[in-house]
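Encoded as structure tokens, the structure appears first; notes follow it.
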Number of protein chains: 2
Amino acid sequence: MSTPQARRKTRTDAERNRDRVLEAARALFAESGYDVQMSEVARVAGVGIGTLYRKFPTREALIEAIAEHRAADIIAAARRLTEADDPAQGLARFLHHVGEVLSDDRGMSEVVEKAMGSSEPREETREALLAIAAELIERAQARGTVGHGVTTADVNMIICGLAAVIRNAAGDWRRYIEVALDGLRPR
Amino acid sequence: MSTPQARRKTRTDAERNRDRVLEAARALFAESGYDVQMSEVARVAGVGIGTLYRKFPTREALIEAIAEHRAADIIAAARRLTEADDPAQGLARFLHHVGEVLSDDRGMSEVVEKAMGSSEPREETREALLAIAAELIERAQARGTVGHGVTTADVNMIICGLAAVIRNAAGDWRRYIEVALDGLRPR
DNA sequence: CATAATATGGAATGCGGAATCCGGATTCCG
DNA sequence: CGGAATCCGGATTCCGCATTCCATATTATG
């Protein structure tokens, strides 16, 4: 059951290649979304397809590895913004941060749009983001800068819409956020 | 240029089959979006794949035929709503109508989300919808029920987001519309 | 160094699904 | 009716991609 101790250290070239693959995949996914071909990833990484598959046994595994990593970044950065004094402003910054990330990463905008819909409680990224939103909303409501009917479900939809607007280049997403936030103000 | 007159009337069974195909495709697309297989469409239509392809030489042709038809319906209905007295209410009804249609038709929600992004001026559906919105906005602004900064671009984004919210079941889309409309009110 | 342990590349394979082809069935027209 | 014009069905071809395999190359270890 336990790992065989008599194992050699992983070869250094293997490790180097793993990094290359991750790097290439991250770039390609950000550039054109997750419908990039595995062979393309390998080519850009300067690696054979076989190697790519040794590192990530499945296309999905590769995508997941990267999306997870990216998501963690978003969440961490967002959590930092929570600590600002003005919670309403915090919410604004939070959304702008998400927008900033998504507009630089097509792949993420695809993932986020879908993730905000998945009703599975297992969707950690969404849970984390909404947890942050929950705190901000509550604090803002206490100050009367956000309406009382507002819930995380609202933020959920707003983010889902935001992802769509960005992904389809449907307009100025900053303006979209402005409108949405105005919509959350107390009546 | 003109049709060869010496041509027989199109066979009645051919016409019947065409209708069946359209009907089946409409139902399937509404049910599960446009990623349905051609063979499935044929099966449901009670028709061979060959026949399906004679009517619509390409998967895309089939999709287009149906989407176009559906879009025309949306536009016509929406235009009717424009004639209401209160333009702000008209805008609300307009969005609700779009929501109603999209939530009953997965395929359309896919199409609309993309269509609102396409920057091609050729996108007739978008143009038509935004034309309706333009009139409502203008009238509402005159009455002071909608903010002055508001443009059709805003409505464009809102619809794009709406489609995404519905498509991903990200929450209660009626509430989404409420929030968005509140966001368009004068400050 | 020698050699076992690992890693590599990329041709070959498998597969899902769109689109084509054509022998046979139907329908129209005089 | 008869037979020419049309249409049908669905097996088959094609194609794009993910994934696998393995002969060869590289690295760690003693």
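The structure presented is a predicted model; accordingly, all values stated were derived computationally and were not measured. The sequence lines fix the lettering, A, B, ..., with proteins before strands; numbering per chain opens at 1.
- Listed by first then second residue, pairs satisfying side chain to side chain donor-acceptor pair (under 3.5 Å) with a partner in residues 154-167 of chain A read A/Glu113-A/Arg167, A/Asp154-B/Arg175, A/Arg167-B/Glu113, not counting sequence neighbours.
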Let me have the donor-acceptor pairs involving side chains of residues 15-23 of chain B, under 3.5 Å, with sequence neighbours excluded, atom names and distances please.
residue : atom : partner : partner atom : Å
B/Asn17 : ND2  : B/Asp13 : O            : 3.4

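- Rounding to whole angstrom units, NZ of residue A/Lys9 and P of C/dA7 are separated by 13 Å.
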Just list the side-chain donor-acceptor pairs under 3.5 Å for residues 141-151 of chain A, sequence neighbours left out, or say none.
residue  : atom : partner  : partner atom : Å
A/Gln141 : NE2  : A/Gly147 : O            : 2.8
A/Gln141 : NE2  : A/His148 : O            : 3.2
A/Gln141 : NE2  : A/Val150 : O            : 3.2
A/Arg143 : NH2  : A/Asp85  : O            : 3.2
A/Thr145 : OG1  : A/Ala140 : O            : 3.2
A/Thr151 : OG1  : A/Ala153 : N            : 3.1

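- Contacts classified as side chain to side chain donor-acceptor pair (under 3.5 Å) and involving residues 129-138 of chain A (residues at least two apart or in different chains) are not found.
- Distances shorter than 4.0 Å separate none of the side-chain N or O atoms of A/Thr51 from OP1 or OP2 on C/dA7.
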Contact pattern, 5' to 3', of nucleotides 16-27 of chain D - B, S or - by protein heavy atom under 4.0 Å: -SSBB----BBB

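- The ring-ring contact (aromatic ring centres under 6.0 Å, His included) pairs that include a residue from residues 23-80 of chain A are A/Phe29-A/Tyr34, where partners are two or more places apart or lie in different chains.
- Atom CD of A/Glu31 has 12 or fewer neighbouring heavy atoms from other residues, nucleotides or ligands inside a 6.0 Å radius.
- Distances shown here put every side-chain N or O of B/Lys55 at or beyond 4.0 Å from the OP1 or OP2 atom of D/dC7.
- Distance, B/Phe56 CZ to C/dA18 P: 16 Å, rounded to whole Å.
- Within the structure, a side-chain polar atom (N or O) of B/Asn17 is placed less than 4.0 Å from OP1 or OP2 of D/dC8.
- Helical stems involving DNA chain C, defined as 3 or more consecutive Watson-Crick or G-U pairs under 3.5 Å, span C:1-30 with D:1-30.
- For the salt bridge (Lys or Arg N to Asp or Glu O under 4.0 Å) condition, the pairs that include at least one residue of residues 91-109 of chain A, sequence neighbours left out, are A/Arg70-A/Asp105, A/Glu100-A/Arg174, A/Arg106-A/Glu110.
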Under 3.5 Å, which donor-acceptor pairs do the side chains of residues 176-187 of chain B form with other protein atoms, sequence neighbours left out?
residue  : atom : partner  : partner atom : Å
B/Tyr176 : OH   : B/Ile158 : O            : 3.0
B/Tyr176 : OH   : B/Leu162 : N            : 3.4
B/Asp182 : OD1  : B/Arg185 : NH1          : 2.3

